[in-house]
Amino acid sequence: MSFEDVTRWVRAARRIVLLSGAGMSAESGVPTFRDAQTGLWAKFRPEDLATEDAFRRDPAMVWDWYAMRREMVAKVAPNAGHGAVAAFQQRHPGRLTVVTQNVDGLHQRARSPGVLALHGNIAEDKWLEPPRACCEVARLRPDRPPSCPTCGNLRRPAVVWFGEMLPEAELAAAQDAAAACDLMLVVGTSGVVYPAAGLARSTRGKVVVLNPVPTDLDDAADAVLRGTAATLLPALLED
Ligand code: OAD
């Protein structure tokens, strides 16, 4: 299938889901997880940083690592790919739903409406233990991580760690969107993390993978476009 075929599918589709992963933000300067040289998991072990056990073992180290990424993400900007998606949504209200595995908030900053963020948002944090009456965000002890001065409950990044459930409402809405769409654009994800990758396997709509290299979801795709998010999406989503 050619780029022109996919352009025709986009024009004909009444409901589109764009499922994005770390590659969507690569051209904004955010490192991916699994790319061999530059990916975060090439330098760090996920089980040392992105699990609840790791946080309980060494809260300061995990907090600092997320604080570093949070600062990095705050300094970068959405790229032409995020912009093209948001512009398409403005031109065609209700026709395209963004489902993202990214925690960087760049789709939202590009003004995509109704983004379903399956893995949370790195700019936010939440309580580690269910909050008690004493746990108030207004009176946090400013440690790394911040804590409740009365009971010691810790704040933690509001992202989904390995072994954790996805936010229920977002996942349900993403599953509904995947079930109802006639076209799913799978952008910048290696397709190895479930349940996100399962959305591309369960949809009855056409699936198009947009990625510079092969992915685990290529076998589920009706078309594969080799290229980057910031070059392919503006070309694909212009009217
Ligand atoms: P990965 O790092 O696994 O995959 C990134 C993908 O982006 C790869 O397939 C790259 O080839 C592709 N890529 C790189 N540059 C690109 C570009 N400019 N344009 C398009 N694609 C490009 O990241 P994810 O698939 O997002 O989990 O990883 C899934 C989850 O695993 C993440 O959400 C994170 C991680 O552990 C949590 O944070 C819970």
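Each ligand, and each atom within it, is numbered from 1 in the order the structure gives.
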statement: Of Q101, R226, R34, the one whose closest heavy atom lies nearest atom 28 (O) of ligand 1 is R34
message: Closer than 4.0 Å to some heavy atom of T189 - which atoms of ligand 1 meet that?
response: 6 (C), 9 (O), 24 (P), 25 (O)
task: Can you pull out the closest protein heavy atom to atom 9 (O) of ligand 1? Residue, atom name and distance to 0.1 Å, please.
output: N211 ND2, 2.9 Å
field: Whether D182 side chain and R15 backbone form a donor-acceptor pair below 3.5 Å
entry: yes
- prompt: Within the distance-only criterion (no hydrogens, no angle test), does the side chain of S2 pair as donor or acceptor with the backbone N or O of D5 below 3.5 angstrom?
  reply: yes
- request: Pull out every atom of ligand 1 sitting under 4.0 Å from any heavy atom of G21, numbered as shown with elements.
  value: 26 (O)
field: V160 heavy atom under 4.0 Å from ligand 1
entry: yes
- prompt: Looking only at protein heavy atoms, which one is nearest to atom 5 (C) of ligand 1, and how far off is it?
  reply: G188 O, 3.6 Å
message: Counting only nitrogen or oxygen atoms and a 3.5 angstrom limit, does P212 reach ligand 1?
response: no
query: Do we get R70 above W63's six-membered ring, with its NZ or CZ under 6.0 Å from the centre and within 45° of the axis?
result: yes
task: Look only at interatomic distance and state if H119 has a nitrogen or oxygen under 3.5 Å from any nitrogen or oxygen of ligand 1.
output: yes
- request: State whether the side chain of T203 and the backbone N or O of A178 hold a donor-acceptor pair below 3.5 Å, judged by distance alone.
  value: yes
field: Nearest-0.5 Å distance that lies between atom CH2 in W9 and atom CE in M1
entry: 5.0 Å
W161 N/O under 3.5 Å from ligand 1 N/O: no
task: Would you confirm whether D222, through its side chain, and V207, through its main-chain N or O, come within 3.5 Å as a donor-acceptor pair?
output: yes
task: Would you mind listing which atoms of ligand 1 come within a distance below 4.0 Å of any non-hydrogen atom of E27?
output: 17 (C), 18 (N), 19 (N)
message: I need the atoms of ligand 1 closer than 4.0 Å to a non-hydrogen atom of V213, numbered in the order shown.
response: 11 (O)
- line: Of all protein heavy atoms, the one nearest atom 15 (N) of ligand 1 is A26 CB, 3.6 Å
message: Counting non-hydrogen protein atoms only, what is the nearest one to atom 17 (C) of ligand 1? Give residue, atom name and distance.
response: G23 O, 3.3 Å
field: Under 3.5 Å donor-acceptor, D143 side chain and P146 backbone
entry: no
task: With V85 as reference, evaluate V98, I16, L236 under the side chain to side chain contact (heavy atoms under 4.5 Å, CB included) test and give the passing residue.
output: V98
message: Do L237 and L225 sit in one hydrophobic cluster, given that two such residues count as connected whenever their side-chain heavy atoms are within less than 4.5 Å of each other, even indirectly?
response: yes
- prompt: Is there a nitrogen or oxygen of S190 sitting under 3.5 Å from a nitrogen or oxygen of ligand 1?
  reply: yes
message: Polar contacts were defined as any N/O atom of the residue lying under 3.5 Å from an N/O atom of the ligand; does this apply to A229 and ligand 1?
response: yes
task: Please determine if F33 has a nitrogen or oxygen closer than 3.5 Å to a nitrogen or oxygen of ligand 1.
output: yes
query: Do T215 and ligand 1 have an N or O pair less than 3.5 Å apart?
result: no
Cation-pi, W161 ring and R156 (6.0 angstrom, 45 degrees): yes
query: Judged by atom type as modelled, is there a donor-acceptor pair below 3.5 Å linking the side chain of T215 to the main-chain atoms of G191?
result: no
- request: Answer yes or no: does an N/O atom from A22 fall short of 3.5 Å to an N/O atom of ligand 1?
  value: yes
query: Between R69 and W65, is NZ or CZ placed under 6.0 angstrom from the six-membered ring centre and within 45° of the ring axis?
result: yes
statement: Among non-hydrogen protein atoms, atom 14 (C) of ligand 1 lies closest to D35 OD2, 3.5 Å
Ligand 1 versus V193: contacting region, heavy-atom distance under 4.0 Å: side chain
